[in-house]
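The structure appears below as structure tokens.
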Amino acid sequence: MKLPWPDLVVNFYILPMKKIFLPLAIILSLLYYSCTGENCDQETEVYMKAAFYSAESSEPISIDSLDIYGLYIPDSSICSMATLEKVNLPLNPSASSCAFVIMNGGRSDTIEISYQSDLQFLSQACGYIFVFEIEEVLFTTNDILNVLITNKPVNQGDEENIQIFF
Amino acid sequence: MRKIFRFSFRLFLFMCTVQVFAQEADTVKATKSISAGIEVSGPVLYALDNSKYNLEGYFSYRINNKYYIVLEPGYSRYNYSQYNYDYNCQGWFFRIGTDIGMLEPVASKVNHFAGIGLRYGLSVFEQEAPFISVDSFWGKASTAIPANFVHAHFLEVQGSVKTELFRNFLIGWAIKLRTHLYSSDSNVKKAIYIPGMGNTGASFTPAFSYYIIYRIPLRNSSGE
């Protein structure tokens, strides 16, 4: 039995298409916007992780009354009168080196870090970040006795990058 | 109420029986044909949102009632902007594969199509990030990624319906799911959008297409 084409089209195709089209269009739109309109939920800050150690015992120690700021920008306090075992130091992506002043009970030291910076794409929602590769660390020895590089790549991970010995 | 239900159920069974007999009675062989068409949702969506422009064609060769060879070439342009970067890409692509029909080979359905399709896609495009800004303790760091060429490969699976509205003139739609196989980009020059495939953020990228197609029957040839 051959149906005339309008009946066939209406019964077999147009009606199912009408029934299916709207829910599918809604689902696909939601899927699309859920994929592209997402918020950035990843860590976008990248820090060099520094930890403090005793030069005598090589054990981790806390440093009291610690002030840290970027060299030549004294208002840029990273920490003030803090007691810390570890500190996150932000490297400058616009330069190949940067320095921090570490003050401990009136005595101060400067640590200068040289590095390579690389751009890295994170996600469409987050955009780009800079990651770093430490090349060299120079330091004064007023209070600090030594600085060791333990992990050259500086990225979003939690791995310690340098050890500062007092 | 129960009588109405019983009557409806019998009517449904009767209709099914009539349909089965009708299907068995008029089995036919499909004529080999070629089809050419365009995908219209791209230009329509561009009118609503001019960040994405997609223009693609549809060419198919019907081997028999069940199998079609399909080629879908196209051009796509994509611009994305947010507070910390801009991204642009544009390029050409094609998808090639097969459609597998699932309708019975009966006269009433032989010129329509409902089934699944599989495609391999290749995209060659240029991308750039002309503005990138990263906030840091030391201030804003601005940079850019210059234009660079990328080629990308992807697979697609789809379900589609195509209806002959007038003689040899079809409309239809397809729901597609695409997955990225390989691209020549890098961590820095990452492709956010691949022409012909879509956004690369998720493992699978859904897509929807709406086609207008003209079919040209090939004379003196018939399929299975």
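Lettering of chains follows the sequences in order, A, B, ..., and the numbering in each one begins at 1.
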When you check the side-chain N and O atoms of B/Asp86 and B/Ser81, is any donor under 3.5 Å from an acceptor?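 Present: a donor and an acceptor within the cut-off.
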Do the side-chain N and O atoms of A/Glu160 and A/Asn151 include a donor-acceptor pair separated by under 3.5 angstrom?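 Note: A/Glu160 and A/Asn151 side chains miss the donor-acceptor criterion.
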Verify whether the ring centers belonging to B/Phe169 and B/Tyr214 lie closer than 6.0 Å.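 No, too far apart.
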Quick one: are the ring centres of A/Phe166 and A/Phe52 less than 6.0 Å apart? yes
Do you know which of A/Leu119, A/Val46, A/Leu122 has the most heavy-atom pairs with chain B at a distance under 4.5 angstrom? A/Leu119
Out of A/Ile129, A/Thr44, A/Ile78, A/Asp118, return the one with the most heavy atom pairs under 4.5 angstrom to chain B. A/Ile78
Give, as side chain, backbone, both or neither, the part of B/Lys140 having an atom under 4.5 angstrom from any heavy atom of chain A.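 Contact with chain A: backbone only.
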For B/Asp99, which of B/Arg119, B/Arg62, B/Lys66 qualifies under salt bridge (Lys or Arg N to Asp or Glu O under 4.0 Å)? B/Arg119
Most contacts with chain A, counted as non-hydrogen pairs under 4.5 angstrom, among B/Ile145, B/Ile132, B/Thr143: B/Ile132
If you count heavy-atom pairs under 4.5 Å with chain A, which of B/Val188, B/Thr200, B/Asp135 comes out on top?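 Most pairs with chain A among the choices: B/Val188.
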Side-chain ion pair, B/Glu156 and B/Arg95, N-O less than 4.0 Å: yes
Taking atom CD1 of B/Ile192 and atom CD of B/Gln127, what is their separation to the nearest 0.5 Å?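 That separation rounds to 7.5 Å.
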Starting at CG of B/Asp185, measure out to CZ of B/Phe149 and round the result to the nearest 0.5 Å. 15.0 Å
Of all the residues in residues 89-111 of chain A, which have a heavy atom that comes within less than 4.5 Å of a heavy atom in chain B?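 Residues of residues 89-111 of chain A touching chain B at under 4.5 Å: A/Pro90, A/Leu91, A/Asn92, A/Pro93, A/Ser94, A/Cys98, A/Ala99, A/Phe100.
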Non-hydrogen contacts under 4.5 angstrom with chain B: give the residues of residues 57-72 of chain A involved, or none if there are none.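 Those residues of residues 57-72 of chain A which have a heavy atom under 4.5 Å from chain B are A/Gly70, A/Leu71.
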Heavy-atom distance under 4.5 Å between the side chains of A/Phe121 and B/Ser186, does that happen here? no
Kindly assign one of parallel, tilted or perpendicular to the pair A/Tyr115 and A/Phe132, based on the angle between their ring planes and the thresholds 30° and 60°. perpendicular
Measure up the B/Tyr80 and B/Tyr78 rings against each other and bin them: parallel (under 30°), tilted (30 to 60°), perpendicular (over 60°).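 Parallel, since the angle between the ring planes stays under 30°.
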Among A/Ile113, A/Val137, A/Asn161, find the one that has a side chain to side chain contact (heavy atoms under 4.5 Å, CB included) with A/Ile149. A/Val137
